[in-house]
**Student:** 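Have a look at this one before I ask anything.
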Amino acid sequence: MKSSTPSTLHISGYGKKLKKHNNSLVVEWKEGENSEKASFTPSKLEDVILSGEHSISTGAIRLLFENNVSLSCMDSFGNPIGYLFPHAYCQYMNIWEKQLSIDSIHKLDIAKKYMSGRSN
């Protein structure tokens, strides 16, 4: 079983299963005739991104939320479909609140810089 935990877990393609096993998240999939598994430590994750068609258990969702991990769902082209966040205050709420507090002139300036490819 593979096991290394990035800060963002991106599960793409089709037919993978995200499950809870003890206090770990496990992704299962078929590779030809073989069954494959990878295990991840939820406390080391910040985000899980699902793109394509997959299955996820409620136990896995609960484990993500208990560890303040957000869940993003994308279609097979990478277009956002929806986001799930833990009920508890998490880093994304903090970022969102900061974004809301920026005045319109600064928001427009940030958007112009972003669109022109400059980040400073």
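The structure presented is a predicted model; accordingly, all values stated were derived computationally and were not measured. Excluded from the calculations below are hydrogen atoms, water molecules and symmetry mates; all remaining heavy atoms, backbone and side chain alike, are included.
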**Student:** Would you indicate whether Lys17, at its atom NZ, is surrounded by more than 12 heavy atoms from other residues, nucleotides or ligands within a distance under 6.0 Å?
**Tutor:**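 For Lys17, atom NZ is not crowded (no more than 12 foreign heavy atoms under 6.0 Å).
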
**Student:** Only one of Leu45, Thr41, Asn67 passes side-chain contact (heavy atoms from CB on, under 4.5 Å) with Leu25; say which it is.
**Tutor:**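 Option passing the side-chain contact (heavy atoms from CB on, under 4.5 Å) with Leu25: Leu45.
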
**Student:** Under 6.0 Å from the CG atom of Asp75, do we count more than 12 heavy atoms belonging to anything else shown?
**Tutor:**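 Yes, CG of Asp75 has more than 12 neighbouring heavy atoms, counting only those of other groups under 6.0 Å.
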
**Student:** Would you compute the distance between atom CH2 of Trp29 and atom NE2 of His54 and round it to the nearest 0.5 angstrom?
**Tutor:**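 If I round to the nearest 0.5 Å, the distance is 11.5 Å.
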
**Student:** Can you tell me if CD1 on Ile105 sees more than 12 non-hydrogen neighbours from other groups inside 6.0 Å?
**Tutor:**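 Incorrect, the count does not exceed 12.
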
**Student:** Decide whether Met74 and Leu84 are clustered together by the hydrophobic rule: side chain heavy atoms of Ile, Leu, Val, Met, Phe, Trp, Tyr closer than 4.5 Å, transitively.
**Tutor:**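 Result: no, two separate clusters.
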
**Student:** Tell me if a side-chain donor or acceptor on Asn22 pairs with a main-chain N or O of Ser24 at a distance below 3.5 Å.
**Tutor:**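 The answer is no, because no donor-acceptor pair under 3.5 Å joins these two groups.
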
**Student:** Decide yes or no for Ile11 and Leu18: does some side-chain heavy atom of the first lie under 4.5 Å from some side-chain heavy atom of the second?
**Tutor:**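 With C-beta onward as the side chain, the pair touches.
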
**Student:** Report the distance from atom CD1 of Ile81 to atom OG of Ser76, rounding to the nearest 0.5 Å.
**Tutor:**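 So the gap between those two atoms works out to 8.0 Å.
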
**Student:** Quick one: closest heavy-atom pair of Ser72 and Tyr83, and the distance?
**Tutor:**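 So the minimum-distance heavy-atom pair works out to OG-CD2, 3.2 Å.
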
**Student:** Below 3.5 Å, can you tabulate the donor-acceptor pairs from side chains in residues 55-63 to any protein atom, sequence neighbours excluded?
**Tutor:**
residue : atom : partner : partner atom : Å
Ser57   : OG   : Ala60   : N            : 3.0

**Student:** Between His106 and Asp103, is any side-chain donor less than 3.5 angstrom from a side-chain acceptor?
**Tutor:**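 Asp103 and His106 do have a side-chain donor-acceptor pair below 3.5 Å.
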
**Student:** Are the side chain of Lys44 and the backbone N or O of Phe40 linked by a donor-acceptor pair below 3.5 Å?
**Tutor:**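 Not confirmed, Lys44 side chain does not pair with Phe40 backbone.
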
**Student:** Do Val48 and Val69 have side chains that approach each other closer than 4.5 Å (heavy atoms only, starting at C-beta)?
**Tutor:**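 When only atoms from C-beta onward are counted, Val69 and Val48 do touch, with a gap below 4.5 Å.
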
**Student:** If you count heavy atoms of other groups shown closer than 6.0 angstrom to CD of Glu66, is the number above 12?
**Tutor:**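 Atom CD in Glu66 is crowded, with more than 12 foreign heavy atoms closer than 6.0 Å.
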
**Student:** Atom CG of Leu71 and atom CZ of Phe65: how far apart are they, to the nearest 0.5 Å?
**Tutor:**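 Going from CG on Leu71 over to CZ on Phe65, the span is 6.0 Å.
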
**Student:** Under the side-chain contact (heavy atoms from CB on, under 4.5 Å) test, which residues partner Thr8, sequence neighbours left out?
**Tutor:**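 Applying side-chain contact (heavy atoms from CB on, under 4.5 Å) to Thr8 gives Asp47, Ile49.
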
**Student:** Report the C-alpha separation of Ser70 and Glu46 in whole Å, then their side-chain angles, then the decisive distance to 0.1 Å, and conclude whether the side-chain contact (heavy atoms from CB on, under 4.5 Å) test is met.
**Tutor:** CA-CA 7 Å; Ser70 67; Glu46 294 177 12; over 6 Å; no

**Student:** With no hydrogens and no angle check, do the side chains of His21 and Ser39 hold a donor and an acceptor under 3.5 Å apart?
**Tutor:**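 No pair is found: no donor N or O on one side chain lies under 3.5 Å from an acceptor on the other.
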
**Student:** Roughly how far apart are Lys107 NZ and Ser101 OG, rounded to 0.5 Å?
**Tutor:**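 Result: 8.0 Å between the selected atoms.
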
**Student:** Are any non-hydrogen side-chain atoms of Glu28 and Ser35 less than 4.5 angstrom apart?
**Tutor:**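 No, side chains not in contact.
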
**Student:** For the OH atom of Tyr14 and the NZ atom of Lys16, what is their distance to the nearest 0.5 Å?
**Tutor:**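 Tyr14 atom OH to Lys16 atom NZ measures 10.5 Å (nearest 0.5 Å).
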
**Student:** Charged N to carboxylate O below 4.0 Å: is that the case for Lys30 and Glu36?
**Tutor:**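 A salt bridge is absent here (no side-chain N lies under 4.0 Å from a carboxylate O).
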
